[in-house]
Protein chains: 2
Amino acid sequence: MGVTIKDVAKRVGVTPATVSMVINNKPRISEETRRKVRQAIEELDYFPHEGARSLVLQRTNTLGVAAPFFTSYFVLETLSGIERAVRESDYNLVLYGTRGLAETEEAVVTRIARERKVDGLISINLALKPEQVALFQRNNVRVICLENEAEGCDWVRVDNVSGAREATAHLLGLGHRSVALVTGPTGSVAKQREQGYREALLAAGLRPEDAPRIEAPNYSREDGLEAGARILAAKRRPTAVFVAAGDVCATGVLLAFKRAGVSVPREISLVGFDDQPFAELMEPALTTVRQPMERMGREAFGLLRDALKETRERTPVRRDFETELIVRGSTSRAKA
Amino acid sequence: MGVTIKDVAKRVGVTPATVSMVINNKPRISEETRRKVRQAIEELDYFPHEGARSLVLQRTNTLGVAAPFFTSYFVLETLSGIERAVRESDYNLVLYGTRGLAETEEAVVTRIARERKVDGLISINLALKPEQVALFQRNNVRVICLENEAEGCDWVRVDNVSGAREATAHLLGLGHRSVALVTGPTGSVAKQREQGYREALLAAGLRPEDAPRIEAPNYSREDGLEAGARILAAKRRPTAVFVAAGDVCATGVLLAFKRAGVSVPREISLVGFDDQPFAELMEPALTTVRQPMERMGREAFGLLRDALKETRERTPVRRDFETELIVRGSTSRAKA
DNA sequence: CTGTTAGCGCCTTCAG
DNA sequence: CTGAAGGCGCTAACAG
């Protein structure tokens, strides 16, 4: 169908091996031959067949990115960083979505590991089990974890503990003594944020048990609406809320407060997590914790590329990025 | 390195060909052999090498998605629809970003066509030139266009003309006689939306030239800010604005109005395009034009899959999706 | 019903 | 410096 290396060879009157060497810039080919081969390639509009190369070279020049959803802001932003870095290299990028379902995740991961379509994988937010990590190792697929951690893999994440601690400390610094927590379902990220929250409270001599703790199973706006209602219904109403479950959820909390006629930040202060673009547009604009997602994506790609250069196993690399507290209008000093 | 079809064959005492036939469910293999082969596959934990299959089968089971950016809401949402549909099939998805640069786009497109890593491509918003379409055809890569149109390709898009007409008509129906337009840079989509806008005005006996027409080169919030300022500075200030350049840009326009102390919708009405999630969260909530992005993505995948089944060329298929006007708080009746 | 042969397109020895 | 041969892992065609 297409033009192959043989066609080029025939035209020049050499063998495919010679053409191959020219393409791959191997030495010990005369300038003369080199020139003629190049010209033939030009004339025939020849381009090497990547699949065939992969087969013999045992590498695909392709990286995978797996994530539960590609609609999550975090995933999207990190993907964007990855994509940008990849475009500057000559890797390709394959996407694997797991739809947030454990069984799909299982199947997808198995497939990625064994199908050999990728040299390496960036796993965003997947709960990789040890046997899955082992499967990747056996199949010689390097894995970098983004946001989640898996034993034996490099990982890139944000320091959730300190981010949450800082957010909570900001509220305490404004004089709030009762800070509610709205957090995601069990998972390492949620745990870390809760830990940071608790650390800040304890450091201020407060007891975490004294303020409402509400779970937002889906990090959704609806979850936030319900959380907001429950916070208002608490017997001792808190004067501040830290929505560790993220900005989307925080919009729901805010909406619940507005519907109840409770003013933010006059009566209650609100802090989110993520710094999504709309955070700045809300009324009041949302104080929140920013994560350097794009940079994290680039870093994940960098680690993967480096890992692929090494033939032997390295000791896993860990990168913790710092968060940044963005103070806006949704937080203010507690009334005395 | 990994276990191959030969290992399986050797273990059972048959040839690779037999194993291959079992794997691919070809008939004329005895139940006995079939069973033994299956068992050996199980025991050895064998999995076919996709790359090797592709080489001989002349298809990669992989589809590409190319777009300028993967951070644009439209791209993201359609990608999500594509991804979902793909996950239900057994195709893989490769991403190609062009960074919005013409030369990158040129290089990427050429590479996609010639590298043969994909059987088909969904092109979101790329300006495919006829020679590029021809290049794809020569290399037997099917192409579906999403949002943009290219001669000779199937395409999926939204009816921008009628969407813009409806949005404008909504404003006119509220009694507005001077409706400004904020539109994207030249491109088929922007042209279509402007056409719809003009049609609505003309149908109401108004002259498009009488109201400000402002370009937003990057569809950005900053562009919107500037557009808003210019609208307020117009000698005869319009009472309504249609931001065909999208909701992000509309947030800028709104901000400019707020900063100037001009109340929306009391003094001026505002309509966006896209219905991004934050549109509902703005104050006032934004009236806007919704596009069924997810469904469009699924449809694009469906068309591509069908096209790949057909061996011969078909006459191009076109799908126009309808928009939906979502009326919220940013539009109200013009004062008499 | 199964084995043999040939080849997908390319690259890497090893001779010459 | 270049050609010939072998093989990456798999499948299709043809024999047996």
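Bear in mind the structure is a predicted one, so any value in this text is a computation, not a measurement. Note on naming: letters A, B, ... go to the chains in the order of the sequence lines (proteins, then strands), and numbering restarts at 1 for each one.
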Fill in: Any A/K26 side-chain nitrogen or oxygen under 4.0 Å from OP1 or OP2 of D/dC1
no

Practice prompt. Starting at atom CG of B/L55, determine the distance to atom C1' of C/dG7, rounded to an integer number of angstrom.
Written response: 9 Å

Worksheet item: Side chains of B/I122 and B/I82: does their closest heavy-atom pair fall under 4.5 Å?
Response: yes

Fill in: Distance in angstrom units between B/M21 CE and D/dA12 P, rounded
8 Å

Worksheet item: Does some side-chain heavy atom of B/E103 sit less than 4.5 Å from a side-chain heavy atom of B/V108?
Response: no

Item to complete: Please work out if B/V19 contacts a base, only the sugar-phosphate, or nothing of the nucleic acid, heavy-atom cut-off 4.0 Å.
Response: nothing

Worksheet item: For A/N140 and D/dG9, what is the distance between atoms CG and C1' respectively, to the nearest whole Å?
Response: 16 Å

Fill in: Side-chain N,O (B/S20) to OP1/OP2 (D/dT11) below 4.0 Å
yes

Item to complete: Describe the nucleic acid contact of A/S54 in one word from base, sugar-phosphate, nothing, applying a heavy-atom distance below 4.0 Å.
Response: nothing

Discussion item. Within the 4.0 Å heavy-atom criterion, would you say B/I23 contacts the bases, only the backbone, or no part of the nucleic acid?
Written reply: nothing

Worksheet item: Does a side-chain N or O from A/T33 land closer than 4.0 Å to OP1 or OP2 of D/dT2, or not?
Response: yes

Worksheet item: Looking only at atom types and distance, does a side-chain atom of A/S80 sit under 3.5 Å from a main-chain N or O of A/L76, one as donor and one as acceptor?
Response: no

Worksheet item: Between B/T18 and C/dG3, is there a side-chain N or O to OP1/OP2 distance below 4.0 Å?
Response: yes

Item to complete: May I ask you to evaluate whether B/R53 reaches the phosphate of D/dG9, defined as a side-chain N or O under 4.0 Å from OP1 or OP2?
Response: no

Worksheet entry | Atom-to-atom span, CZ of A/F47 to C1' of C/dC10 - whole angstrom | 14 Å

Worksheet item: Between atom CG in B/N24 and atom P in D/dG9, what is the gap in whole Å?
Response: 17 Å

Practice prompt. Go through the steps to decide whether B/N140 and B/R59 satisfy the test side-chain hydrogen bond (donor to acceptor under 3.5 Å, both in side chains), and finish with yes or no.
Written response: CA-CA 10 Å; B/N140 206 27; B/R59 51 164 192 64; over 6 Å; no

Worksheet, complete the sentence: Here the distance between atom P of D/dC10 and atom CD of A/Q58, to the nearest Å, is 11 Å

Response to the item:
When rounded to whole Å, the NE2 to P distance for the pair A/H49 and C/dC8 reads 12 Å

Discussion item. Between P on C/dT12 and CD1 on A/I5, what's the gap in Å once rounded to a whole number?
Written reply: 10 Å

Fill in: Check: B/K129 main-chain N/O paired with B/Q132 side-chain donor or acceptor under 3.5 Å
yes

Worksheet item: Touch check for A/P16, heavy atoms < 4.0 angstrom, all strands: base, sugar-phosphate only, or nothing?
Response: nothing

Worksheet item: Looking across every strand, which nucleic acid part, if any, lies under 4.0 Å from B/T15 by heavy atom: base, sugar-phosphate, or nothing?
Response: base

